[in-house]
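The structure presented is a predicted model; accordingly, all values stated were derived computationally and were not measured. In what follows, chains are A, B, ... by sequence order, proteins preceding strands, each numbered from 1.
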There are 2 protein chains.
Amino acid sequence: MRIEDTNKLLIDSGVRPLRKRALIYNYLLNKGNHPNVETIYLDLIKKEPTLSKTTIYNVLNLLIEKNLVQMIKIEGTEMRYDADVSPHGHFKCASCGRIFDFSIDESEHPKIPLEGFEIHQRHYYISGYCTDCAKAKLN
Amino acid sequence: MRIEDTNKLLIDSGVRPLRKRALIYNYLLNKGNHPNVETIYLDLIKKEPTLSKTTIYNVLNLLIEKNLVQMIKIEGTEMRYDADVSPHGHFKCASCGRIFDFSIDESEHPKIPLEGFEIHQRHYYISGYCTDCAKAKLN
DNA sequence: GTATCTGCAAAACATTTGCAATTCT
DNA sequence: AGAATTGCAAATGTTTTGCAGATAC
């Protein structure tokens, strides 16, 4: 996705499309993985040497508030960030560390046996071995 | 559960049933909630004044390794700990902060559309408002 | 008696905050 | 110009680590 299209998405959500904001959001949209702040920082300072981690935190928190990005808590102590806010699950491979997205059909969401509870968000996290690592283990 | 029974569980999992280990595991088993390290510490030093947080971290990491305890990452940056390692979900109330357990029937687990992946753990986290807070909001 | 465990203090990280400088319109 | 944003440095909060002393068997 081009920066201009990213700007448009920001404007549509009531966020002023500032240069560094758009850069960070564009990065998340295009990479499609689930980077931590460190990775975002190291990747982006190549093209934007004055970018700081504080700004990355600021922007991410803003984008989360505007529901353009979601936090993923699948790694140890750090947060991962995902520009795909549609309902989907995450699989973390315990061996290679990669995180895989998978879709969950609406009809497949487990019923929550909690009477009168109001559900806002669902997070489905799976851990185990991905195909590659499961195969490698057999050898 | 009595300490003697906790000791037995530890031995069955190949863990030497040391005094402070058993104390911490027994606490988690009996409380049945999802305390953070701070809460465990404050509760247990009442009866075991020489207990340190370092030991709590050490013991928890050992119990996790032995699959007697699982980490729950539903709060901001801190870890919560749960001695119930059977498959179940957690609901976090965004208003009062309480965490509720709920069971998920085996047949209800969503199918994971990832060919050849080996699943070890499933975490299902829901956030929203609990019944009490949902009602309070209406007033 | 020896290996293991514990606990203090310090280190290591991730994230937030205060505030002055910069940028945007 | 004026309001919002940025970035440095410091603060905060959680978890880990190094190592000396204590404990278990």
Smallest separation among heavy atoms of R98(B) and C130(B), with atom names: NH2-SG, 3.7 Å

Could you check how far [atom1] of [X] sits from [atom2] of [N], rounded to whole Å?
X      : N       : atom1 : atom2 : result
K73(A) : dT15(C) : NZ    : P     : 11 Å
L44(B) : dT6(C)  : CG    : C1'   : 15 Å
I40(B) : dG7(C)  : CD1   : P     : 14 Å
I45(A) : dG7(D)  : CD1   : P     : 12 Å
Y41(A) : dT15(C) : OH    : C1'   : 15 Å
L23(A) : dT23(C) : CG    : C1'   : 16 Å
E48(A) : dT22(C) : CD    : C1'   : 14 Å
I56(B) : dC8(C)  : CD1   : P     : 11 Å

I99(A) vs D82(A), side chain to side chain contact (heavy atoms under 4.5 Å, CB included): CA-CA, chis, key distance, verdict: CA-CA 11 Å; I99(A) 297 176; D82(A) 190 350; over 6 Å; no

Sidechain-backbone polar pair: R80(A) side chain, M71(A) backbone, donor-acceptor under 3.5 Å: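 Judged by distance alone, no pair lies under 3.5 Å.
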
N or O in side chain of T55(A) less than 4.0 angstrom from dG7(D) OP1/OP2: yes

Contact under 4.0 Å: T50(B) side-chain N or O vs dG7(C) OP1/OP2: yes

I3(A) reachable from I24(A) in the ILVMFWY side-chain graph, under 4.5 Å edges: no

Annotated protein contacts, base or backbone, on nucleotides 12-25 of chain D with a non-hydrogen cut-off under 4.0 Å, one of B, S, - each: --SBBB------SS

Pair D5(A) + K8(A), salt bridge at N-O below 4.0 Å: no

For Y124(B), the rest of its hydrophobic cluster, which grows through side-chain links under 4.5 angstrom: F91(A), F100(A), F102(A), I104(A), I112(A), L114(A), F117(A), I119(A), Y124(A), I126(A), F91(B), F100(B), F102(B), I104(B), I112(B), L114(B), F117(B), I119(B), I126(B)

